[in-house]
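Take a look at the structure set out below.
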Number of protein chains: 2
Amino acid sequence: MSPTTAARPRRADAARNRELLLRAAHAAFTERGVTASLDDVARAAGVGPGTLYRHFPTRDALVLAVIDDGLTDIHRLGTELLAAGDPLGAVREWLRAYIEQGAIYKGLAATLASPPSPADGAASTCDQARKAGAALIVRAVEKGVLRADVDPDDLLDMAAAITWVGEQPDRDPARCRRLLDVFVDGLRAPVS
Amino acid sequence: MSPTTAARPRRADAARNRELLLRAAHAAFTERGVTASLDDVARAAGVGPGTLYRHFPTRDALVLAVIDDGLTDIHRLGTELLAAGDPLGAVREWLRAYIEQGAIYKGLAATLASPPSPADGAASTCDQARKAGAALIVRAVEKGVLRADVDPDDLLDMAAAITWVGEQPDRDPARCRRLLDVFVDGLRAPVS
DNA sequence: ACCTGAACACCGTTCAAGT
DNA sequence: ACCTGAACACCGTTCAAGT
């Protein structure tokens, strides 16, 4: 699926360069995190730095374009879970997927927490994904399985924050899963 | 109080340069966050870049030296709260202070969460502060006011993560306080 | 319409020369 | 023992020239 954050190039060579850049960026981000040198990315893609900037005017634009498919998956998962039952389990499962998505590149948590709004005013894929998660949280609160004082944005921020914890040195993925479980558990409505 | 992370210079001009660097770094970090240019810091202090590196071999060393007094305060607060009663309130108050300390410079959360261990093997001021907090958490668990599955390191990580949330664009301090309250509330032992 | 790559500014880090 | 500042490598970003 094509990202909503960047126009699809019309010329064949431009489309090809875009694809090469995305592949090179994925490799570089995987190895060195989202702060990887953009010069290196351009070199690995076999294009000049100017071409990279033409396709992706900011680092965040490149990062979000690279994970666009993943964010689409998160969005779809959210709508599917909303259609099914189990409001609390849905929140848990979606948050887990959101956190896992953030864990693929070091430094990604900040971009997920504050995705730059696209210039055209449309909602970015990241925004759409987060909205799907927020809808699940709202339902869980309305159904009375999450505490009434839970704010969807707060919960999304905390999920990104847990991803951030996983980016720190010497934290294993198990710690993030445990943090999420402990956290969601603490937000369950008391069975009064 | 002198930091444990760097040797105190013997010569008067060296001690003075160290002080000038700390002041300049504080100003730069306040304005631009902990990623402020070290060249700028050296220039503002009126010394060459080599002098900065001689006093503070890494950026983290400089950052931790600048906030050393603040960390000492956090440490002292921890020991005082441990001597007094109210195990749950003590944890809450200490975490609030820890989070506020992390909020003084943008980007500080990561350093607080993973302070580099000093070469001499001694505990850094940051380590000592965190240990004081961990002791409060352990007591609260033992007294049965926090859930038994709460791990001190997990809680310290979550506090740093909340600080990190506050570093993101468009999050006001009220959000961090609310996050901490919601979080600690969720970790309270059920009054069975 | 798009690409190239030189050019510029900036930054981190080291180190030879100095006092 | 400590300082200076030149030097080097690297990176982000722009833009004139090209196709």
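Only this structure's heavy atoms are used, side chains among them; waters, hydrogens and symmetry mates stay out. Below, chain A is the first sequence line, B the second, and so on; all start at residue 1.
- When the C1' atom of C/dA7 is taken as reference, atom OH of A/Y53 falls 14 Å away, rounded to whole Å.
- Comparing A/N17 and B/P57 by the nucleotide of DNA chain C that holds the closest heavy atom to each, the one mapping nearer the 5' end is A/N17.
- In this structure, B/L38 atom CG and C/dT13 atom P are separated by 7 Å, rounded to whole Å.
- Residue B/A14 places its side chain closer to D/dC2 than to any other of D/dG5, C/dT4, D/dC2.
- At the heavy-atom level, B/T51 lies under 4.0 Å from base atoms of the strands shown.
- When the side-chain nitrogen and oxygen atoms of B/H55 are compared with OP1 and OP2 of D/dC3, one or more of them lie within a distance under 4.0 Å.
- For B/D39 and D/dA9, the CG to C1' distance is 14 Å, given to the nearest whole Å.
- In this entry the distance linking CZ of B/R54 with P of C/dG18 reads 17 Å, nearest Å.
- Classification of A/R43 and A/D40 as a salt-bridged pair holds, one side-chain N sitting under 4.0 Å from a carboxylate O.
- If you take CZ of B/R11 and C1' of C/dG18, they are 12 Å apart, rounded to a whole angstrom.
- Counting to the nearest Å, the C1' atom of D/dG12 and the CZ atom of A/F56 are 17 Å from each other.
- Ion pairing of B/D127 with B/R130 is absent here, as no side-chain N (NZ or NE/NH1/NH2) approaches a carboxylate O to less than 4.0 Å.
- Atom pair B/D13:CG and C/dT19:C1' shows a separation of 10 Å (rounding to whole Å applied).
- Between A/D13 and A/R16, no side-chain nitrogen of the basic residue sits less than 4.0 Å from a carboxylate oxygen of the acidic one, so the salt-bridge criterion is not met.
- A parallel orientation is assigned to the rings of B/W164 and A/W164, their planes being inclined by less than 30° (bins at 30° and 60°).
- The side chain of B/R43 has C/dC11 as its nearest neighbour among C/dT13, D/dT4, C/dC11.
- When the P atom of D/dC11 is taken as reference, atom CZ of A/R59 falls 10 Å away, rounded to whole Å.
- Here D/dC15 sits opposite C/dG5 as a Watson-Crick or G-U wobble pair (both hydrogen-bonding atom distances under 3.5 Å).
- The 5' end of DNA chain D is approached more closely, in terms of each residue's nearest nucleotide, by B/G48 than by the other of A/D40 and B/G48.
- In summary, B/R175 and B/D172 do not engage in a salt bridge, as defined by a charged side-chain N under 4.0 Å from a carboxylate O.
- Using a 4.0 Å cut-off, no side-chain N or O of A/S37 falls inside it from OP1 or OP2 of D/dC10.
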